[in-house]
Amino acid sequence: MNNVTFHDWETIDYKEAWDKQQAIFNGVMDFKLGKSDHSPQSIIFCEHPHVYTLGKHGNNTNLLISDDMLKQLQATYYHIDRGGDITYHGPGQIVGYPIVDLELLKLSIRDYIFNLEQSVIDTLVHYNISATRLDGATGVWLDVNVPGRTRKLCAIGVKASRYVTMHGFAFNVNTNLKYFNYINPCGFVDKGVTSMQIELGKMVDIEEVKAILKTKLYKNLNINE
């Protein structure tokens, strides 16, 4: 059963979205364990108000500002149960939360992350942005072979329990990149962050990007709506 429902939660508080993710995750897990006859597998897009999240094994020293500065920035901070280190979510960014059973999709966790990355790479082709992967790091990157120019356009951090996934990716479309100045993004101190807006020199229609990205995700993960 590869049916996966799509939801656009639009702008939503991070903690509210996390709780809603958990409820869907629990439903998928109940189906997997035979406790339910319906699996609410989902792919969710949303945007968050300014928030920093630190992965389960991340280093909290990669948040470079105080609690008082967080308040001045009107930002929140959460230590959560995904992989990866610290990242930023905010307006103008597509945050994606696929909550799916990888066993049903016949995907390993490594293949799943590869296909998330590929979906973003394929989306960027439509905008003539040439992106790729960086050895030893997840996400989608530009200029990986140019010292001092390597920069990340999409971060990925997932959790999988019994091959059911949570969390996902953060894709910078029209994101205000100044908020990344207050962290070591994903734990890196020698690599930059970028957005589609910066690369193209103009604001991008985020709804158009969502539509393309949704199609690429469903194709690359081999799932049906």
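Of the residues Tyr14, Trp18, Tyr77, the one that meets the side chain to side chain contact (heavy atoms under 4.5 Å, CB included) test with Thr53 is Tyr14. No option in Ile43, Ile99, Leu217, Val28 other than Ile43 meets the side chain to side chain contact (heavy atoms under 4.5 Å, CB included) test with Val4. Tested against Leu54, the residues Asn60, Leu63, Ile183 include a single side chain to side chain contact (heavy atoms under 4.5 Å, CB included) partner, Asn60.
For the residue pair Val100 and Gln41, the shortest heavy atom distance occurs at CA-OE1, 3.4 Å. Closest approach of Ser195 to Leu177, counting heavy atoms only: N-CD1, 4.0 Å. Taking every heavy atom of both residues into account, Ser161 and Phe25 meet most closely at CB-CZ, 3.7 Å. Nearest approach of Ile206 to Gln93, heavy atoms of both residues: CD1-N, 4.3 Å. Scanning all heavy atoms of the two residues, the minimum distance from Pro98 to Gly168 falls at CD-CA, 4.2 Å. When all heavy atoms are compared, the tightest approach of Ile156 to Leu116 is CD1-CB, 4.0 Å.
Between Asn176 atom CG and His50 atom NE2 the span is 7.0 Å, to the nearest 0.5 Å. The CG atom of Asp8 sits 8.0 Å away from the SG atom of Cys46 when rounded to the nearest 0.5 Å. Annotation: the span from Asp30 atom CG to Asp37 atom CG amounts to 11.0 Å, rounded to 0.5 Å. Note: Ile12 CD1 to His48 NE2 = 7.5 Å, rounded to the nearest 0.5 Å. Note: Met196 CE to Thr175 OG1 = 10.5 Å, rounded to the nearest 0.5 Å. The structure places NZ of Lys20 at 13.0 Å from NZ of Lys15, a figure rounded to the nearest 0.5 Å.
Judged purely by atom type and a 3.5 angstrom limit, Lys32 uses its side chain to pair as donor or acceptor with the backbone of Arg162. Although no hydrogens or angles enter the test, the distance criterion places no donor-acceptor pair under 3.5 Å between the side chain of Glu47 and the main chain of Glu10. Panel note: side chain Asn115, backbone Leu221; no donor-acceptor pair is recorded below 3.5 Å. A donor-acceptor pair under 3.5 Å links the side-chain atoms of Asp13 to the main chain of Glu16, judged by distance alone. The main-chain N or O of Leu107 is never found under 3.5 Å from a side-chain atom of Asp111 such that the two would form a donor-acceptor pair. For the pair Arg82 (side chain) and Asp85 (backbone), a donor-acceptor distance under 3.5 Å is present.
Ring geometry for Trp9 against Tyr97 counts as tilted: the plane angle lies between 30° and 60°, on a 0 to 90° scale. Between Tyr182 and Tyr179, the two ring planes are perpendicular [angle over 60°; tilted spans 30° to 60°]. The aromatic rings of Tyr88 and Tyr52 lie tilted to each other, with the angle between the two planes from 30° to 60°.
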Determine, step by step, whether Ile65 and Leu70 satisfy the side chain to side chain contact (heavy atoms under 4.5 Å, CB included) criterion, reporting the C-alpha distance in whole Å, the side-chain angles of both residues, the deciding distance to 0.1 Å, and the verdict.
CA-CA 7 Å; Ile65 56 176; Leu70 276 172; 3.9 Å; yes
Could you check Arg149 against Leu142 for side chain to side chain contact (heavy atoms under 4.5 Å, CB included), going step by step and ending with a plain yes or no?
CA-CA 8 Å; Arg149 286 280 294 158; Leu142 306 183; over 6 Å; no
Determine, step by step, whether Phe169 and Thr138 satisfy the side chain to side chain contact (heavy atoms under 4.5 Å, CB included) criterion, reporting the C-alpha distance in whole Å, the side-chain angles of both residues, the deciding distance to 0.1 Å, and the verdict.
CA-CA 10 Å; Phe169 60 86; Thr138 59; over 6 Å; no
Between Gln72 and Asp68, is a side-chain hydrogen bond (donor to acceptor under 3.5 Å, both in side chains) present by the stated rule, with each step listed?
CA-CA 6 Å; Gln72 290 181 39; Asp68 286 344; over 6 Å; no
Applying side chain to side chain contact (heavy atoms under 4.5 Å, CB included) to Glu199 and Arg151, what does each step give before you reach the verdict?
CA-CA 11 Å; Glu199 298 303 320; Arg151 56 208 185 276; 2.9 Å; yes
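By the 4.5 Å heavy-atom criterion applied to side chains, His126 and Lys216 are counted as neighbours. Within the 4.5 Å cutoff, the side chain of Arg133 has heavy atoms near those of the Ile121 side chain. Looking at Pro40 and Thr5, their side chains never come closer than 4.5 Å, going by heavy atoms from C-beta outward. In this structure, Phe31 and Val164 have side chains that are not in contact, with every pair of non-hydrogen atoms separated by 4.5 Å or more. In this structure the side chain of Val120 never reaches within 4.5 angstrom of the side chain of Leu153, judged on heavy atoms. By the 4.5 Å heavy-atom criterion applied to side chains, Tyr112 and Leu105 are not counted as neighbours. Side-chain contact between Glu208 and Tyr127 is present, with at least one heavy-atom pair separated by less than 4.5 Å. Residues Val158 and Thr165 form no side-chain contact, since every pair of their non-hydrogen atoms from C-beta on lies 4.5 Å or further apart.
The environment of CG in Asp205 is crowded: more than 12 heavy-atom neighbours from other residues, nucleotides or ligands sit within 6.0 Å. Heavy-atom neighbours of Asp19 CG from other residues, nucleotides or ligands within 6.0 Å: above the threshold of 12. Atom OH of Tyr163 is surrounded by 12 or fewer heavy atoms from other residues, nucleotides or ligands within 6.0 Å.
Residue Tyr78 is grouped with residue Val95 when hydrophobic side chains (ILVMFWY) are merged at heavy-atom distances under 4.5 angstrom, including chains of intermediate members. Linking Ile, Leu, Val, Met, Phe, Trp and Tyr residues whenever their side-chain heavy atoms come within less than 4.5 Å leaves Phe114 and Ile223 in two separate clusters. Taking hydrophobic clusters as Ile, Leu, Val, Met, Phe, Trp and Tyr residues chained together by side-chain heavy-atom distances below 4.5 Å, Val140 shares a cluster with Ile109. At a threshold of 4.5 Å between side-chain heavy atoms, the hydrophobic network of Ile, Leu, Val, Met, Phe, Trp and Tyr places Ile44 and Ile94 in two separate groups. When hydrophobic clusters are built by joining Ile, Leu, Val, Met, Phe, Trp and Tyr residues whose side-chain heavy atoms come closer than 4.5 Å, directly or via intermediates, Leu213 is grouped together with Ile113.
For Lys214 and Phe45, the positive end is not near the middle of the six-membered ring at less than 6.0 Å and at most 45° from its axis.
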